[in-house]
There are 2 protein chains.
Amino acid sequence: MRMAELSTTSGVPVATIKYYLREGLLPAGERSGPNQSFYGQEHLRRLRVIRGLLEVGGLSVAAARQVIEAIDSDLGLAHTFDIAQRTVSPLIDPETLSAEAVAQIDEVLHGWRVSPENPGRLAAARVLQIFAELGQPDLSGWVPGYAAAALAVAEADLDEVDARDDRESKTEMVVVGTVLGDALFAALRRAAQEHVTSTRYTMPPTPAAPTTTAPTSTAPTTP
Amino acid sequence: MRMAELSTTSGVPVATIKYYLREGLLPAGERSGPNQSFYGQEHLRRLRVIRGLLEVGGLSVAAARQVIEAIDSDLGLAHTFDIAQRTVSPLIDPETLSAEAVAQIDEVLHGWRVSPENPGRLAAARVLQIFAELGQPDLSGWVPGYAAAALAVAEADLDEVDARDDRESKTEMVVVGTVLGDALFAALRRAAQEHVTSTRYTMPPTPAAPTTTAPTSTAPTTP
């Protein structure tokens, strides 16, 4: 299809598509004339990946390009994970972390095969450090629940990657899942917070907000 | 303490503190002279909350102000949760969501007390819609694992709020926990992904990255 049709089908404005082409996010189309290129289904699909990374994942264009290069690379899954993780994680200088916060997170991660410079380990230590600075150093009842849930989610992530047929769709799931999985979990956590809050505090539904389903007895895992 | 000491103790530059004062993030100090104000421990604590929201949570100054106003308000916990959630969630027009994505998420949330306009419900539907547009509509093996984990995390969140003594520290946990909890979970998910990946694919540790702990047999919840 031509640029105009690619724009109509994807819903992405022509100027934005040209910007993605210039920035190297979208591969060039096949030249079909002096001033014309032909775009295929792979361009449409890539446009949707780009949109997911930028709009839902909140990545910068530079970060999205790194992630897309990982999809197009020949790297193994573990290394693709590593690139995806580093791209979407804040860069943290270990020197700025307190020894207490690092010790706390290593206690939580005890028994996990995690390298010292794993971006998640450092980012988690930083969160604990901020809580400690807020005078809330004892999170021993809170953090282990997060760690157990994170492990369950990581197992689900890898199950989903394993279920994909070919290498391209596996790596796509690794990078898209890493980015969109954060957004999905944060979203479900908000919904779960409303559920748990209204169950515990029996908050009356506001007139504009009737509950979608009433019987809490059918909730999957409420105690 | 004076402004200079507040800056030294908090590590936040004087110009930044003045900016937070102008933007209404930090309450004014007590006037102690024509050109001088006195700041107390509550200013130091608030500066740390602000830093957590802006730097770790990635909130805008306007969003951080809304969250801080919720801490200072007299609203009940459920409403404070609601404000914190709306502030940190992407604003999604339900009209832009496909009926399929909404139906998919409502199936996942079946039995939860969640209002239709819960920002998490809408944001989760949007993520599923993007996956569907990528030609990956069947996530029935993936999303329920996320929902169960989100419910466990929300229970941990509310346990932690309940464990706090007074109203101010409860609401602070609600808003700080909502924002920093996302960052903590995303971080722990990355560490868990490395653990599960290296366990499943037996990736040899790179020379620069020895594993911190070897015995996977002690991992909390691996199958």
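Protein chains get the first letters and strands the later ones, always in sequence-line order, with residue 1 at the start of each. Computed from a prediction, not measured in an experiment: that's the story for all the values here.
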Sidechain-backbone polar pair: B:H43 side chain, B:G40 backbone, donor-acceptor under 3.5 Å: yes
Counting distance only, does the side-chain N/O of A:Q129 pair as donor-acceptor with the main-chain N or O of A:A101 below 3.5 Å? no
Return the minimal non-hydrogen interatomic distance between B:G52 and A:I130, and the atom names on each side. CA-CD1, 3.9 Å
Options [options], ranked by heavy-atom pairs under 4.5 Å with chain A, top entry:
options                        : value
B:L122, B:L188, B:V143         : B:L188
B:Q193, B:R190, B:R48          : B:R190
B:E160, B:R46, B:Q85           : B:Q85
B:A124, B:A186, B:P144, B:G181 : B:G181
B:V49, B:D162, B:N118          : B:N118
B:A156, B:A183, B:G145         : B:A156

Select one option (side chain, backbone, both, neither) describing which atoms of A:R126 are under 4.5 Å from chain B's heavy atoms. side chain
At a 4.5 Å cut-off on heavy atoms, which part of A:L47 comes close to chain B: side chain, backbone, both, or neither? neither
Could you measure the distance from the [atom1] atom of [X] to the [atom2] atom of [Y]? Nearest 0.5 Å is fine.
X      : Y      : atom1 : atom2 : result
B:L25  : B:I68  : CG    : CD1   : 5.0 Å
B:I105 : B:W112 : CD1   : CH2   : 8.5 Å
B:S10  : B:E5   : OG    : CD    : 10.5 Å

Note: B:D159-A:R200 ion pair, threshold 4.0 Å (strictly below): yes
Specify which of A:A125, A:G177, A:P119, A:A163 makes the most heavy-atom pairs with chain B at under 4.5 Å. A:G177
